[in-house]
S.K.: 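Attaching a single structure in structure tokens format; questions to follow.
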Amino acid sequence: MSRFLSRALAGLKPYVPGEQPQDKKYIKLNTNESPYPPAKGVAEATYGQAEKLNLYSDPDCLLIKRAAAAVCGLGTGNVSVGNGSDEVLAHIFRAFLQDTGVAFPDVTYGFYPVLCSLLGIKYKTVPLRGDFSIDVSDYEGIDSAVCIANPNAQTGVYLAPEKVEELVLQNRGRLVIVDEAYIDFGGSSAVPLVKKYDNLIVVQTMSKSRSLAGARVGFAFASKQLISDIEAVRCSFNPYNVNRMSMYAAAMSLEQDEYFRSCVDKIVFARVYTATKLGKMGFEVLPSRANFLLARHSGVGGEELYEKLKERGILVRHFGDERIKDFVRVSVGTRAQMDEFLNAVQKILEERDAEG
Ligand SMILES: *Cc1c(COP(=O)(O)O)cnc(C)c1O
């Protein structure tokens, strides 16, 4: 820490993203990326724009606003676009949460508390139930804003849209943010509810189901009034926040519905397959509607399993948080990758049995 760092930031603990190691080739099942390449035409669209990089990108992001709005039946005035949904979340937190504070589950996306400490926002955590589900009645009486990920980060556990609506209706004077980074892998989106409720913001990303993690494109969907506030923050910070190449890559991707669906179907199939196999090996696997599984085994700790898989060239994610420290989180890759992962897990368990 230098002696110049702002005092308010002295205790800042930045978000720790999953490893992106450059030393050797791993089977990467640690950051919930898609194992499939971006849709056809995305690369060409990107190169095409690379030749125009002398020009700024469109500060209104109209190309993707139109495409995204069309996909979910809203108008361009109901959409804000960011450099990844992480940035969209930052705009939202900055715009709305300073006065009210925010509540979110004790096990969820680790970026929420980090953003709060960066922006000086008060937050409190609400424990998930014993089965790692969100019980919306636990939010009754909370008058700060509420932020949930659905399906939830780290667990994959899903909350039905009726329950999301209940959360929104509990207190119409309270803002509810629903982060749907994983919604395409088997959930039903709350986006249609933004037409009905002016205290709901839904956040989505192209990083997971659209195979564009490296492009950094995310969205907020909400009423025109909320979006205009988010846009005011965005344009006060970086009006050219989405670069020209990513904008065209995203727009091209949003047109390719069939490819998108086929990738999602394959991932969902591999998820169900992997969960079944892990169950047969004695793992407890949380019911996931995302592109990852959170699983634990009574015979091997989460950290140990993570280390032993890494030695075998397979990266998964381990979190030290008390409630999930026995688990590993495994992103769902191709069926072939999942078979390699399952074989490695089998061998690790056998070795342990032999030792034990
Ligand atoms: C991955 C993830 C994000 C961030 O996505 P980007 O669009 O890549 O910034 C946001 N929220 C949750 C819950 C995530 O898992």
Side-chain angles (χ1 to χ4, degrees), residues 12 14-18 20 31-34 37-39 42-43 45-50 52-69 71-72 74 76-97 109-119 121 147 149 153 177-184 191 201-222 226-254:
L12 190 64
Y15 179 70
V16 184
Q20 301 284 358
T31 47
N32 300 344
E33 290 145 322
S34 173
V42 166
T46 311
Y47 302 145
Q49 292 305 309
K52 299 181 191 161
L53 282 177
N54 54 315
L55 303 174
Y56 280 111
S57 57
D58 169 17
D60 295 324
C61 296
L62 267 181
L63 191 67
I64 11 184
K65 269 190 196 167
R66 275 198 209 103
V71 166
C72 58
L74 295 169
T76 53
N78 300 110
V79 190
S80 180
V81 191
N83 196 300
S85 57
D86 285 343
E87 190 190 57
V88 174
L89 288 164
H91 294 151
I92 294 168
F93 278 37
R94 183 73 183 84
F96 305 114
L97 304 188
Y109 189 34
F111 196 59
Y112 305 149
V114 172
L115 261 182
C116 286
S117 44
L118 175 69
L119 298 171
I121 293 165
C147 179
I177 302 156
V178 182
D179 180 351
E180 294 189 335
Y182 302 104
I183 199 70
D184 294 330
V191 164
I201 305 176
V202 179
V203 177
Q204 292 188 356
T205 177
M206 305 216 44
S207 295
K208 277 83 189 217
S209 59
R210 292 274 177 178
S211 302
L212 284 178
R216 316 299 308 125
V217 179
F219 304 103
F221 300 102
L226 286 171
I227 291 297
S228 110
D229 293 338
I230 296 169
E231 288 286 281
V233 171
R234 180 180 74 84
C235 294
S236 306
F237 188 69
N238 180 7
Y240 305 107
N241 59 330
V242 180
N243 75 71
R244 176 175 277 284
M245 292 185 295
S246 293
M247 195 147 1
Y248 280 77
M252 181 57 81
S253 171
L254 285 166

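Scope of the values below: all heavy atoms of this structure, side chains included, with no hydrogens, waters or symmetry mates.
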S.K.: A side-chain contact here means heavy atoms from C-beta on lying under 4.5 Å apart; do Leu97 and Leu119 qualify?
M.R.: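 Sidechains of Leu119 and Leu97: no contact.
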S.K.: Enumerate the side chain to side chain donor-acceptor pair (under 3.5 Å) contacts for residues 82-92, please, sequence neighbours excluded, ordered by first and then second residue.
M.R.: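 Every pair satisfying side chain to side chain donor-acceptor pair (under 3.5 Å) with a residue in residues 82-92: Asp86-Tyr109, Glu87-Asn241.
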S.K.: Please lay out, stage by stage, how Leu53 and Met245 fare under the test side chain to side chain contact (heavy atoms under 4.5 Å, CB included).
M.R.: CA-CA 8 Å; Leu53 282 177; Met245 292 185 295; 4.1 Å; yes
S.K.: Can you sort out the partners of Ala213 under side chain to side chain contact (heavy atoms under 4.5 Å, CB included), two or more places apart, ordered by chain and number?
M.R.: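 Glu33, Ser207.
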S.K.: Give a yes or no answer on whether the side chain of Ser253 reaches the backbone of Ala249 with a donor-acceptor pair at less than 3.5 Å.
M.R.: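 Side chain of Ser253 to backbone of Ala249: no pair is present.
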S.K.: Taking C-beta and beyond as the side chain, do Thr76 and Asp60 meet within less than 4.5 Å on heavy atoms?
M.R.: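 The answer is no; the side chains never approach within 4.5 Å.
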S.K.: Taking Ala181's backbone N and O only, do any of them form a donor-acceptor pair with Asp179's side chain (distance below 3.5 Å, no angle check)?
M.R.: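 Side chain of Asp179 to backbone of Ala181, a donor-acceptor pair under 3.5 Å: yes, one is there.
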S.K.: Got a sec, which residues hit side chain to side chain donor-acceptor pair (under 3.5 Å) with Ser34, two or more places apart in sequence or on another chain?
M.R.: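 With neighbours one apart ignored, the set is Ser211.
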S.K.: Apply side chain to side chain contact (heavy atoms under 4.5 Å, CB included) to Val203 and Ile92, showing your working.
M.R.: CA-CA 10 Å; Val203 177; Ile92 294 168; 3.6 Å; yes
S.K.: Side-chain contact test, heavy atoms from C-beta onward, threshold under 4.5 Å: evaluate it for Ile183 versus Val191 and give yes or no.
M.R.: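 Contact flag for Ile183/Val191 side chains = no.
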S.K.: Test of understanding: with side chain to side chain contact (heavy atoms under 4.5 Å, CB included), list the residues that count as partners of Leu226, not counting sequence neighbours.
M.R.: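 Partners of Leu226 under the side chain to side chain contact (heavy atoms under 4.5 Å, CB included) test: Phe96, Leu175, Ile201, Ala222, Ser223.
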S.K.: Between Gly18 and Thr31, which heavy-atom pair has the shortest distance, and what is it?
M.R.: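 Reported closest heavy-atom pair: CA-CG2, 3.6 Å.
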S.K.: Just jot down the ring pair (Phe, Tyr, Trp, His ring centres under 6.0 Å) partners of Phe93, sequence neighbours excluded, or say none.
M.R.: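 Here no residue qualifies.
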S.K.: To the nearest 0.5 Å, what is the distance between CG on Leu115 and CG on Leu89?
M.R.: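 Result: 6.5 Å between the selected atoms.
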S.K.: What's the separation between atom OH in Tyr240 and atom SG in Cys235, rounded to the nearest 0.5 Å?
M.R.: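 Spacing of OH (Tyr240) from SG (Cys235) equals 9.5 Å.
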S.K.: So which atom in Ala220 and which in Ile227 form the shortest heavy-atom distance, rounded to 0.1 Å?
M.R.: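 Closest heavy-atom pair between Ala220 and Ile227: O-CD1, 3.6 Å.
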S.K.: If you look only at pairs with a residue in residues 233-250, which of them pass as a salt bridge (charged side-chain N to carboxylate O under 4.0 Å, His left out), with sequence neighbours excluded?
M.R.: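 Qualifying pairs, neighbours excluded: Glu231-Arg234.
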S.K.: Distance from Gln204 atom CD to Glu180 atom CD, nearest 0.5 Å?
M.R.: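 So the CD of Gln204 and the CD of Glu180 are separated by 5.0 Å.
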S.K.: For Asn32, give me all partners under side chain to side chain donor-acceptor pair (under 3.5 Å), at least two apart in sequence or on another chain.
M.R.: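 Once residues adjacent in sequence are excluded, the partners of Asn32 under the side chain to side chain donor-acceptor pair (under 3.5 Å) criterion are Tyr182, Ser331.
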S.K.: For the pair Ser246 (side chain) and Ala215 (backbone), establish whether a donor and an acceptor sit closer than 3.5 Å, ignoring hydrogens and angles.
M.R.: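 Yes; at least one donor-acceptor contact below 3.5 Å.
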S.K.: To the nearest 0.5 Å, what is the distance between CD1 on Ile230 and CZ on Arg94?
M.R.: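 Taking CD1 in Ile230 and CZ in Arg94, the distance rounds to 13.5 Å.
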S.K.: Name all residues meeting the side chain to side chain contact (heavy atoms under 4.5 Å, CB included) criterion together with Leu63; count only those two or more places apart in sequence or in a different chain, and write none if there are none.
M.R.: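 Expected list: Met247, Tyr248, Ala251.
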S.K.: Sequence neighbours left out, what passes side chain to side chain contact (heavy atoms under 4.5 Å, CB included) with Ser209? Give chain and number order.
M.R.: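 Testing Ser209 for side chain to side chain contact (heavy atoms under 4.5 Å, CB included), a comparison that skips the adjacent residues, returns Asp184, Phe185, Phe260, Val264.
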S.K.: Does a sphere of radius 6.0 Å around OH in Tyr47 hold more than 12 heavy atoms from other residues, nucleotides or ligands, not counting ones at 6.0 Å or beyond?
M.R.: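 Atom OH in Tyr47 is not packed in, count stays at 12 or less.
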S.K.: Which residues pass the ring pair (Phe, Tyr, Trp, His ring centres under 6.0 Å) test with Phe237, sequence neighbours left out?
M.R.: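 Result, ring pair (Phe, Tyr, Trp, His ring centres under 6.0 Å) vs Phe237: none returned.
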S.K.: Answer whether the closest heavy-atom distance between the side chains of Leu254 and Met206 falls below 4.5 Å.
M.R.: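 The answer is yes; the side chains approach within 4.5 Å.
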